Amino acid sequence: INLAIANYFSKEKRGWLIIDDTLMLKPFVKFLAGVYDVYNVVLGRPDRGLCLVVIAWSNGKVTVPLVFEFMFHRDLVGKNYKTKTEIAKLLILKCLSKISFRYILFDGHYSTVEMLKFLCKMKIYFIAKIGALYSGKTHFRNTPSTTIQIKDRMNSLYIISVFLVI
């Protein structure tokens, strides 16, 4: 039903996808499948809970969550472990044929070399905050068909993709 709502509003104004993760706190749970100690950015400490990677669609007036997937600790899933970036890529692929969007927004947790290469290969426009670890370092090289512009907004570095038609 969320996809139908997003498609309805995208006819009026084509929107964008937003990738983020969230923590469902479960501080009093001792045993529940998938619950583990996750770093809580808001509180600045580890907390017990479930981590979800979410993709939402927005046009600036309406925001609709579309798809999500749980992220499990590698000790719980072993060789089936997926990073946040890997999960986000799978969710993007799920959304590609189902909803119209202009670009994808995401924060520094997702601006990995793996993600940037994936989005450029798929010719998906994006705006992303560059993580503090990447600032001032060259982690991604431009290809002839892709230009990456760096924008400084309020002391935060953002990366904006621009694709050239050759």
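For this chain, numbers begin at 1 and follow the sequence in order. As the structure is a computational prediction, the values presented were derived from the model and not from experiment.
- Residues satisfying the side-chain contact (heavy atoms from CB on, under 4.5 Å) criterion with Thr83, sequence neighbours excluded, are Tyr81, Thr85, Glu86.
- Residues Leu17 and Ile99 meet the side-chain proximity criterion, which asks for heavy atoms closer than 4.5 Å.
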Test side-chain contact (heavy atoms from CB on, under 4.5 Å) applied to Phe70 and Ile87, step by step:
CA-CA 9 Å; Phe70 288 100; Ile87 293 170; over 6 Å; no
Test side-chain contact (heavy atoms from CB on, under 4.5 Å) applied to Met115 and Ile92, step by step:
CA-CA 11 Å; Met115 178 63 89; Ile92 290 167; 4.2 Å; yes
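- Cluster partners of Val41, by chain and number: Tyr39. The rule joins Ile, Leu, Val, Met, Phe, Trp and Tyr whenever side-chain heavy atoms lie under 4.5 Å apart.
- Atoms OG and CD1, from Ser111 and Ile19 in turn, are 11.0 Å apart once rounded to the nearest 0.5 Å.
- Once rounded to the nearest 0.5 Å, the distance linking OG1 of Thr63 with CH2 of Trp16 reads 8.0 Å.
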Apply side-chain contact (heavy atoms from CB on, under 4.5 Å) to Leu93 and Met122, showing your working.
CA-CA 10 Å; Leu93 290 172; Met122 300 295 292; 3.9 Å; yes
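- For the pair Leu66 and Leu91, the minimum side-chain heavy-atom distance is 4.5 Å or more.
- Looking at residues two or more places apart in sequence or on another chain, you find no salt bridge (Lys or Arg N to Asp or Glu O under 4.0 Å) involving Asp20.
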Evaluate side-chain contact (heavy atoms from CB on, under 4.5 Å) for Lys84 paired with Tyr110, printing each intermediate quantity in order.
CA-CA 7 Å; Lys84 286 182 183 180; Tyr110 296 94; 3.7 Å; yes
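- For CZ of Phe68, the number of neighbouring non-hydrogen atoms (other residues, nucleotides, ligands) closer than 6.0 Å is 12 at most.
- Side chains of Lys26 and Met24 form a contact here, defined as non-hydrogen atoms less than 4.5 Å apart.
- Listed for the Arg14 side chain is a donor-acceptor partner under 3.5 Å among the backbone atoms of Phe101.
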